[in-house]
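For reference, the structure is listed below as structure tokens.
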Amino acid sequence: MKKLINQPENFVKETMEGIIAAYGDKVKLLDGDYRILLNNYKVREGKVGIVTAGGSGHLPVFLGYVGQGLLDGCTVGNVFASPAASKMAGMIRACDKGNGVLVLFGNYGGDRMNFELACETVDMEDDIRTEMVLVRDDIASAPKEKRDRRRGVAGMVYAFKIAGGKAENGGTLEEVAEAARHALDNIRTMGAALSSCIVPQVGKPTFTIAEDEIEIGMGIHGEPGVEVRKMMTADQVAEVLLNKITEDMPLKPGDEVSVMVNGLGATPLEEQFIVYRRVHQILSEQGISIYMPHIGEYATSMEMAGLSLTVMKLDDELKALLEQPAQSPFYTNFNK
């Protein structure tokens with residue numbers, strides 16, 4: 001294993017120290033706790049708080065979206081592991097400005113269990129209202145009729161953006177939660193992996209893929225995909241991923257979407273643009289327009305090679321909230 005780290009057990013702590021060293025004017029730790037990252041800009045009293053949590057190893061998800069017009073706080077665990085409920089509760093308390101907190105996170109068992117306990121704790125001990133919204137955009141993880149079992153992947157970035165915009169506009173807790181749900185009803189993601197990642201404290205690949213193969217639908221923790229195929233061209237990958245998305249969420253001429261091509265950690269940006277080029281061609285030929293495309297690394301899996309494709313179908317409300325200014329150390333659309 002070759003990694004630019006020190007001791008594997010210090011991976012998360014030293015990552016957080018580096019982020020604070022670089023961006024301490026934008027984000028901060030809660031009472032020095034390297035597990036909890038908060039906004040470092042003045043949040044007005046009465047704004048609905050928005051928080052998330054999850055394992056490390058996916059940067060910029062999750063903590064990369066703590067910022068203006070996005071998240072107010074994030075709790076991180078070890079690589080691919082949920083943080084403790086007590087840390088989540090502390091973050092919720094810190095992000096409550098009097099009108100409650102939206103808890104917005106991916107549908108994973110450990111995160112769900114710990115956030116449920118954290119929400120119960122702040123309700124009983126602090127009388128803080130919370131609303132919980134789970135991200136379930138990964139169409140590979142369950143069929144449409146069992147959508148409530150799907151995992152949350154890169155589509156959560158769009159959900160953070162939409163909910164953050166609604167909160168900045170003065171929405172109530174219920175309105176911010178509904179905006180997130182409305183966005184997620186119109187978001188689908190499908191990925192493809194070319195290689196495994198290595199968890200620092202494990203020191204070996206999580207899984208194996210042959211040099212001449214690609215796995216369609218693999219999860220961001222190495223969860224099995226829906227099929228293994230012989231390696232394809234970039235155009236073929238784009239077509240497969242987009243076809244699976246539109247089978248699950250049909251589009252029609254005149255529709256407007258935002259598209260995210262997301263690198264999983266080791267895919268060059270040039271290759272991502274080649275894939276986006278084909279997605280753009282297909283949608284244009286179908287009379288579907290793309291607004292504010294996102295191409296880059298938004299939700300990774302350590303050094304996994306591959307990418308995911310996310311499509312968000314837009315309406316007037318979602319488009320307005322998507323284009324609303326937002327800024328964090330890892331995301332900005334100020335110059336949209």
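The basis for the numbers below is simple: all heavy atoms, side chains too, and nothing from hydrogens, waters or symmetry mates.
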May I have the step-by-step check of side-chain contact (heavy atoms from CB on, under 4.5 Å) for Arg112 and Glu116, ending in yes or no? CA-CA 6 Å; Arg112 189 170 60 247; Glu116 287 172 352; 3.6 Å; yes
Glu303 and Lys2: salt bridge (charged side-chain N to carboxylate O under 4.0 Å, His left out), yes or no, with the steps? CA-CA 11 Å; Glu303 71 275 53; Lys2 290 183 180 180; over 6 Å; no
Quick one, Glu131 with Arg181, criterion salt bridge (charged side-chain N to carboxylate O under 4.0 Å, His left out). Give me CA distance, side-chain angles, the key distance, then yes/no. CA-CA 11 Å; Glu131 282 270 358; Arg181 294 187 183 101; 3.2 Å; yes
Between Ser258 and Tyr158, is the side chain to side chain donor-acceptor pair (under 3.5 Å) condition met? List the steps. CA-CA 9 Å; Ser258 184; Tyr158 281 134; 2.7 Å; yes
Between Lys252 and Lys313, is a side-chain contact (heavy atoms from CB on, under 4.5 Å) present by the stated rule, with each step listed? CA-CA 10 Å; Lys252 64 183 185 303; Lys313 189 190 304 184; over 6 Å; no
Decide salt bridge (charged side-chain N to carboxylate O under 4.0 Å, His left out) for Asp137 and Arg188; before the verdict, give the C-alpha distance in whole Å, the side-chain angles of both, and the deciding distance to 0.1 Å. CA-CA 5 Å; Asp137 60 307; Arg188 302 290 189 277; over 6 Å; no
Let me see the working for Val228 and Ile214 under side-chain contact (heavy atoms from CB on, under 4.5 Å), right down to the final yes or no. CA-CA 6 Å; Val228 176; Ile214 180 171; over 6 Å; no
What do the steps show when you test Glu297 against Gln272 for side-chain contact (heavy atoms from CB on, under 4.5 Å), and what is the final call? CA-CA 9 Å; Glu297 292 190 338; Gln272 296 175 39; 4.3 Å; yes
Using the rule given for salt bridge (charged side-chain N to carboxylate O under 4.0 Å, His left out), can you reason through Asp148 versus Arg136, listing the C-alpha separation, both sets of side-chain angles and the distance that settles it, and then say yes or no? CA-CA 7 Å; Asp148 61 336; Arg136 300 182 174 103; 5.9 Å; no
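Heavy atoms only, all atoms of each residue included: Arg129 and Asn99 are closest at NH2-O, 3.5 Å. For the residue pair Val101 and Ile92, the shortest heavy atom distance occurs at CG2-O, 3.8 Å. When every heavy atom of Pro200 is checked against every heavy atom of Ile5, the shortest pair comes out as CB-CD1, 4.1 Å. In plain terms, the two heavy atoms of Val48 and Ala167 that are nearest each other are O-CB, 3.7 Å. Of all the heavy atoms in Ala89 and Ala118, the pair that sits closest is N-CB, 3.7 Å. In terms of heavy-atom proximity, Leu71 sits nearest to Phe62 at CD1-O, 3.9 Å.
Around the CD atom of Glu211, the shell of radius 6.0 Å holds no more than 12 heavy atoms that belong to other residues, nucleotides or ligands. Lys13 NZ: 12 or fewer foreign heavy atoms inside a 6.0 Å radius. Heavy-atom neighbours of Asp316 CG from other residues, nucleotides or ligands within 6.0 Å: at or below the threshold of 12.
Side-chain contact annotation: Tyr108 with Ser82, donor-acceptor N/O pair under 3.5 Å absent. Side-chain contact annotation: Arg147 with Asn107, donor-acceptor N/O pair under 3.5 Å absent. Remark: the Asp235 side chain and the Gln281 side chain contain no N/O donor-acceptor pair separated by less than 3.5 Å.
By the 4.0 Å N-to-carboxylate-O rule, Asp126 lies close enough to Arg93 to be salt-bridged with it. In this structure, Glu323 does not pair ionically with Lys161, as no charged nitrogen and carboxylate oxygen lie closer than 4.0 Å.
Hydrophobic clustering keeps Val237 apart from Met218 (ILVMFWY residues linked when any side-chain heavy atoms are closer than 4.5 Å, directly or through intermediates). In the hydrophobic clustering of this structure, Ile139 does not group with Val153; members are Ile, Leu, Val, Met, Phe, Trp, Tyr whose side-chain heavy atoms approach within less than 4.5 Å, directly or through other members. Note: the hydrophobic cluster containing Val66 also contains Tyr298 (ILVMFWY, side chain heavy atoms under 4.5 Å, direct or indirect links).
Using a distance-only test at 3.5 Å, with no hydrogens or angles considered, no donor-acceptor pair links the side chain of Glu175 to the main chain of Lys166. Judged by distance alone, with hydrogens and angles left aside, the side-chain atoms of Asp315 form a donor-acceptor pair with the main-chain N or O of Glu317 at under 3.5 Å. Proximity of a side-chain donor or acceptor of Asn114 to a complementary backbone N or O of Pro83 within less than 3.5 Å is detected. Between the side chain of Ser141 and the main chain of Arg151, a donor-acceptor pair closer than 3.5 Å is present. A donor-acceptor pair is defined here as one N or O able to donate and one able to accept, closer than 3.5 Å; no such pair exists between the side chain of Glu14 and the backbone of Phe11. Looking only at distances, a side-chain donor or acceptor of Lys144 sits under 3.5 Å from a matching main-chain atom of Asp248. Under the 3.5 Å distance criterion, the side-chain polar atoms of Ser308 are left unmatched by any main-chain donor or acceptor of Met190. In this structure, the side chain of Asn40 engages the main chain of Gly24 through a donor-acceptor pair within 3.5 Å. With Asn262 contributing its side chain and Leu307 its backbone, the two residues share no donor-acceptor pair below 3.5 Å. With Asn39 contributing its side chain and Gly67 its backbone, the two residues share a donor-acceptor pair below 3.5 Å.
At a threshold of 4.5 Å between non-hydrogen side-chain atoms, the residues Leu309 and Leu242 count as touching. Inter-residue side-chain proximity for Thr206 and Ile198 is flagged as unmet; no heavy-atom pair is nearer than 4.5 Å. Taking the side chain as every heavy atom from C-beta outward, Leu283 and Ile290 approach each other to under 4.5 Å. Met312 places none of its side-chain heavy atoms less than 4.5 Å from the side chain of Met249. Side-chain contact between Ile209 and Leu194 is absent, with no heavy atoms from C-beta onward closer than 4.5 Å. With a 4.5 Å cut-off on side-chain heavy atoms, Cys95 and Ile50 do not count as touching. Counting heavy atoms from C-beta on, the side chains of Met304 and Phe207 come closer than 4.5 Å. The closest side-chain heavy-atom distance from Arg278 to Glu239 is below 4.5 Å.
Interatomic distance, Leu173 CG to Ile128 CD1, rounded to the nearest 0.5 Å: 11.5 Å. Between Asp138 atom CG and Thr189 atom OG1 the span is 7.0 Å, to the nearest 0.5 Å. Interatomic distance, CD of Glu178 versus OG1 of Thr172, reported as 10.0 Å (0.5 Å rounding). We find the CG-CE distance between Leu30 and Met91 to be 9.5 Å, quoted to the nearest 0.5 Å. Atom OG of Ser301 is separated from atom CD of Glu223 by 8.0 Å, given to the nearest 0.5 angstrom. Atom CG of residue Leu241 and atom CD of residue Gln236 lie 11.5 Å apart, to the nearest 0.5 angstrom.
A cation-pi contact, defined as under 6.0 Å to the ring centre and within 45° of the axis, links Lys319 to Tyr291.
Ring to ring, Phe330 and Tyr65 are not that close: their centroids are 6.0 angstrom or more apart.
Using bins of under 30°, 30° to 60° and over 60° for the plane-to-plane angle, the ring pair Phe105/Phe115 lands in the tilted bin. Between Tyr276 and His280, the two ring planes are tilted [angle within 30° to 60°].
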